[in-house]
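Heads up, the thing below is written out as C-alpha cells.
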Amino acid sequence: MAHSYHKPNSFHSTNERPKMAQLVLTLAQNMDGMPAEAVDATKRATIATLDSMLPPLDSMNQGEEKKDDSHASLRPNQVHLLVAAPKRMIGDARGIDRPDWERQWSYGEVLFGDMVRTIGLQRFSPNCSTQLVANLVDVGNVGGATQTERELALLRDIAKQCLSKLRHKDCLSVGRTTIVLPVNASEFEESESRRGQLQETVKAAFSQVWREEQGPLQDTNFEFVTVDA
C-alpha cells in the first residue's frame, strides 16, 4: 500500500504574533500496530517537516552556518522535536531483524533513535542559529470507561508530558506546533471531513491542557501533517 503525507492544515489564532520557537510533535502512540511502511512514512514526514524549519546542511561548515544564509532571519531560534510513542518492548517477532541488545528497547526508543540518526548529529550543533532539541515522550496505559475516553485521556497525558519537557528545557514561547499525525487511510478515504474531525479532536485536547497551565504552549498555533498509515 502506498503511503503519503498531506501538506499541513493550519489553525491560527486571530491575533497571531511572531514567536521564537517551534514544536514538531509526532503522534506515534499506535506505532506498534503499524506496518513498517507506515512507520517509515511517519519518519519521512517528520524529517521533511523539520527540514523546512532548519538551516540547510550545505549552509553549514564544520558545525557553523555560513553568513550568506538568506533565510536565517526568518527561522526560529529553537525547534523542539517531541516523539510520542509507546513503551512496549520489541522483543517479539516484529523485532527479529534487530540486534539482540536492541530488542530490549521499546518501540518508542527505536523510532526516536532512528529519527535522530537520520536527522544527523550535525543538526544538533550548539553553533547553529536555530537550536534543535529532541525528546521522546513515553506513552503508557491510561484509564477510561470507553475507547473514546481512553483516547482523550491519552491525548491529555501526551499534552502534559510535552509541556513538562519544554519547561525543563527552558523553551521559548512556541508560535507554531506542527503535529505529524498518522491515520488509518481506510477509515478516512470515504470522507475527508472525518480526517478534519480527528485533527480537531487532537487540537481541542491539547489546547485545553496547554491553556489551563501557564507555559510556552498556551498561545501556540496548530498545523497538521497527516500520514496515511
Side-chain angles (χ1 to χ4, degrees), residues 3-8 19-29 31 34-86 90 95 97-99 101-139 161-162 165-166 168-172 174-182 216 223-227 229:
H3 298 273
S4 62
Y5 73 91
H6 298 258
K7 293 294 184 179
K19 305 287 178 63
M20 301 304 290
Q22 293 184 17
L23 169 64
V24 177
L25 170 58
T26 298
L27 294 181
Q29 64 267 29
M31 172 190 158
M34 295 164 56
E37 294 84 358
V39 175
D40 290 341
T42 300
K43 289 189 287 189
R44 290 195 301 270
T46 300
I47 292 169
T49 302
L50 285 173
D51 282 344
S52 68
M53 304 175 183
L54 298 173
L57 285 174
D58 60 8
S59 75
M60 303 173 65
N61 182 21
Q62 296 180 347
E64 295 186 3
E65 295 174 68
K66 294 181 179 180
K67 302 299 183 182
D68 60 355
D69 183 358
S70 60
H71 298 288
S73 63
L74 302 177
R75 295 195 181 93
N77 292 81
Q78 296 177 350
V79 173
H80 291 261
L81 168 64
L82 296 178
V83 180
I90 66 169
D97 293 331
R98 298 277 181 177
W101 62 270
E102 198 169 287
R103 292 184 211 173
Q104 301 305 309
W105 289 15
S106 69
Y107 284 98
E109 289 167 330
V110 170
L111 177 63
F112 181 75
D114 286 347
M115 282 189 182
V116 170
R117 281 192 292 270
T118 303
I119 293 167
L121 293 179
Q122 187 178 14
R123 294 283 202 183
F124 296 89
S125 169
N127 296 317
C128 293
S129 60
T130 298
Q131 292 296 299
L132 175 60
V133 181
N135 285 277
L136 174 66
V137 175
D138 288 330
V139 178
Q161 288 196 62
C162 290
K165 288 186 179 294
L166 294 188
H168 180 71
K169 295 295 183 180
D170 294 324
C171 179
L172 299 168
V174 177
R176 182 176 69 191
T177 294
T178 302
I179 298 176
V180 179
L181 181 64
E223 289 189 350
F224 286 84
V225 175
T226 55
V227 182

Rounded to the nearest 0.5 angstrom, the CD-CD distance for Gln78 and Gln22 is 11.0 Å

Kindly determine whether Asp51 and Arg123 satisfy salt bridge (Lys or Arg N to Asp or Glu O under 4.0 Å), including the steps that lead there.
CA-CA 10 Å; Asp51 282 344; Arg123 294 283 202 183; 3.2 Å; yes

Which of Val225, Leu23, Val79 passes side chain to side chain contact (heavy atoms under 4.5 Å, CB included) with Thr178? Answer is Val225

Passes side-chain contact (heavy atoms from CB on, under 4.5 Å), Asp114 versus Lys43? Steps please.
CA-CA 8 Å; Asp114 286 347; Lys43 289 189 287 189; 3.5 Å; yes

Indicate the atoms forming the closest heavy-atom contact of Phe224 with Leu181, along with that distance.
CD2-CD2, 4.1 Å

Working note: Leu81 + Ile119, criterion side-chain contact (heavy atoms from CB on, under 4.5 Å); need CA distance, chi angles, decisive distance, verdict.
CA-CA 11 Å; Leu81 168 64; Ile119 293 167; 3.8 Å; yes

Distance col, row Leu82:CG vs Thr46:OG1, nearest 0.5 angstrom, shows 11.5 Å

With rounding to the nearest 0.5 Å, note down the distance linking OG1 in Thr49 to CE in Met53.
6.5 Å

Audit row: Thr26, Met115, side-chain contact (heavy atoms from CB on, under 4.5 Å) steps and yes/no:
CA-CA 11 Å; Thr26 298; Met115 282 189 182; 4.2 Å; yes

Output for pair (Asp40 CG, Thr118 OG1), nearest 0.5 Å, gives 9.0 Å

What's the shortest heavy-atom distance between Ala28 and Pro86, and which atoms?
O-CD, 3.3 Å

So, Ser125 side chain and Gln122 main chain: donor-acceptor pair closer than 3.5 Å or not?
no

So, taking the atom named CG in Leu121 and the one named CG in Leu132, what distance separates them when rounded to the nearest 0.5 Å?
10.5 Å

Tightest non-hydrogen contact, residues Phe112 and Leu136, listed as CE1-N, 3.7 Å

Closest non-hydrogen atom pair between Pro216 and Cys171, with its separation
CB-O, 3.9 Å

Side-chain ion pair, Asp138 and Lys165, N-O less than 4.0 Å
no

Does Gln131 form a side-chain contact (heavy atoms from CB on, under 4.5 Å) with Lys169? I'd like the steps, not just the answer.
CA-CA 12 Å; Gln131 292 296 299; Lys169 295 295 183 180; over 6 Å; no

In short, Leu111 meets Val39 closest at the heavy-atom pair CD1-CG1, 3.9 Å

Side chain to side chain donor-acceptor pair (under 3.5 Å) filter on Gln161, not counting sequence neighbours, yields Asp157

